[in-house]
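Heads up: the structure comes next, in structure tokens.
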Amino acid sequence: MSYSKTFAIDAGTGLIKRATAQAALTADGYVGTQWDQGAAAASDCVLVVNIESIDIASSDETYKFYVVCSNQANRSDGEVVGFFQTGRASALAGSQETRDGAVGDRLVVPFRTEKNRTRFRYVDLYLDVAGTTPSIGFNAYISKDY
């Protein structure tokens with residue numbers, strides 16, 4: 001599939017959150033290696049997620065992607081700075097989404113590593129899955145080019 005916008009990819013530790021063609025995920029959890037900016041900084045970025053496989057066979061599968069920033073490597077002070085959800089459109093609470101998530105979808109989530117005047121050092125991706133038989137395959141990376 002071709003996209004109208006491209007984003008720079010940097011292979012630095014933590015920027016590539018998930019490589020292509022990996023096994024589908026079926027449970028909640030942090031995805032990929034934590035990105036350490038080296039110091040608390042306000043960086044404008046995007047999370048790019050390319051859907052490779054997605055189960056929406058039941059009427060209740062949802063997949064929520066959270067960009068979580070923190071100043072502690074253990075994420076004890078984590079703050080959500082970016083969010084996107086996909087899955088069965090009818091199950092996406094509070095969403096204006098009118099179509100189901102599909103293979104080939106590209107989700108682009110802009111975010112800033114600063115919230116309420118607090119700048120953050122670490123950046124993580126958290127996936128929350130729900131439904132009868134949730135299963136999603138995707139690749140994901142963070143880009144500072146948008």
Side-chain angles (χ1 to χ4, degrees), residues 1-56 60-89 91-131 134-146:
M1 169 172 258
S2 64
Y3 302 99
S4 60
K5 171 75 175 147
T6 59
F7 299 92
I9 298 176
D10 183 338
T13 302
L15 291 172
I16 296 178
K17 290 299 183 186
R18 193 157 200 274
T20 59
Q22 292 189 359
L25 298 177
T26 59
D28 300 351
Y30 284 97
V31 177
T33 304
Q34 187 174 65
W35 175 36
D36 181 353
Q37 295 190 96
S43 301
D44 293 315
C45 304
V46 291
L47 169 68
V48 179
V49 177
N50 297 304
I51 304 298
E52 298 172 348
S53 66
I54 186 168
D55 181 345
I56 55 168
D60 61 350
E61 282 91 8
T62 61
Y63 309 91
K64 298 176 183 178
F65 295 85
Y66 297 91
V67 178
V68 180
C69 286
S70 60
N71 281 315
Q72 303 297 318
N74 66 5
R75 307 174 185 104
S76 60
D77 64 341
E79 290 280 346
V80 174
V81 297
F83 169 79
F84 192 88
Q85 61 183 348
T86 189
R88 178 65 74 170
L92 297 174
S95 173
Q96 300 301 311
E97 191 66 44
T98 58
R99 71 173 194 76
D100 296 336
V103 171
D105 283 355
R106 172 174 270 189
L107 316 174
V108 178
V109 183
F111 68 94
R112 182 175 177 89
T113 60
E114 178 182 44
K115 184 174 181 179
N116 298 327
R117 292 186 276 192
T118 299
R119 295 176 179 183
F120 296 102
R121 175 176 177 166
Y122 301 102
V123 181
D124 286 289
L125 173 60
Y126 187 84
L127 174 64
D128 178 12
V129 301
S135 175
I136 187 166
F138 63 93
N139 63 73
Y141 61 93
I142 293 173
S143 178
K144 286 186 161 186
D145 178 33
Y146 68 97

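Given the structure is predicted, the values throughout are model-derived calculations rather than measurements.
Using a 4.0 Å cut-off between charged side-chain N and carboxylate O, R121 and D36 make a salt bridge.
Within the model, atoms CD1 of I16 and CG of D10 stand 8.0 Å from one another, a figure rounded to the nearest 0.5 Å. For the atom pair CZ of F83 and CG of L107, the computed distance is 11.0 Å after rounding to the nearest 0.5 Å. Taking CG of N50 as the start and CG of N139 as the end, the distance is 4.5 Å to the nearest 0.5 Å. For the atom pair CZ (R18) and CD1 (I136), the distance works out to 9.0 Å, reported to the nearest 0.5 Å. A distance of 10.0 Å separates CD in E61 from CG in D100, rounded to the nearest 0.5 Å. With rounding to the nearest 0.5 angstrom, the SG atom of C69 is 13.0 Å from the CZ atom of R119.
A side-chain donor-acceptor contact under 3.5 Å links S76 and N74.
Checked against ring-ring contact (aromatic ring centres under 6.0 Å, His included), F120 has no partners two or more places apart in sequence or in another chain.
The main-chain N or O of T20 is never found under 3.5 Å from a side-chain atom of E52 such that the two would form a donor-acceptor pair. Of the possible donor and acceptor atoms, one in the side chain of D77 sits under 3.5 Å from a partner among the backbone N and O of Q72. A side-chain donor-acceptor contact under 3.5 Å links K17 to the backbone of T33.
Between Y66 and Y126, the ring-plane angle classifies as tilted under the 30° and 60° cut-offs.
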Could you walk me through whether Y63 and I51 pass side chain to side chain contact (heavy atoms under 4.5 Å, CB included), step by step? CA-CA 11 Å; Y63 309 91; I51 304 298; over 6 Å; no

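Aromatic pair F65/F138: centroids less than 6.0 angstrom apart.
Inter-residue side-chain proximity for V67 and V123 is flagged as met; some heavy-atom pair is nearer than 4.5 Å. A 4.5 Å side-chain heavy-atom check between Y141 and L15 finds every atom pair outside the cut-off. Looking only at side-chain heavy atoms (C-beta outward), S43 and Q37 come within less than 4.5 Å of each other. Counting heavy atoms from C-beta outward, F84 and V49 have side chains that stay 4.5 Å or more apart. T118 is not listed as a side-chain neighbour of E79, based on a closest heavy-atom distance of 4.5 Å or more. In this structure, the side chains of D105 and R99 come closer than 4.5 Å at one or more pairs of heavy atoms.
For I56 against G87, the heavy-atom pair with the smallest separation is CG2-C, 3.6 Å. Annotation for I142 and C45: closest pair CG2-CB, 4.0 Å, computed over non-hydrogen atoms. The shortest heavy-atom contact between G14 and W35 is O-CB, 3.6 Å. The two residues V103 and S53 make their nearest non-hydrogen contact at CG2-CA, 3.8 Å. The two residues Y122 and A73 make their nearest non-hydrogen contact at CE1-N, 3.4 Å. Nearest heavy-atom pair, Y30 versus V68, reported as atom, atom and distance to 0.1 Å: OH-CG1, 4.4 Å.
Tested against F111, the residues L47, V80, V46 include a single side chain to side chain contact (heavy atoms under 4.5 Å, CB included) partner, L47.
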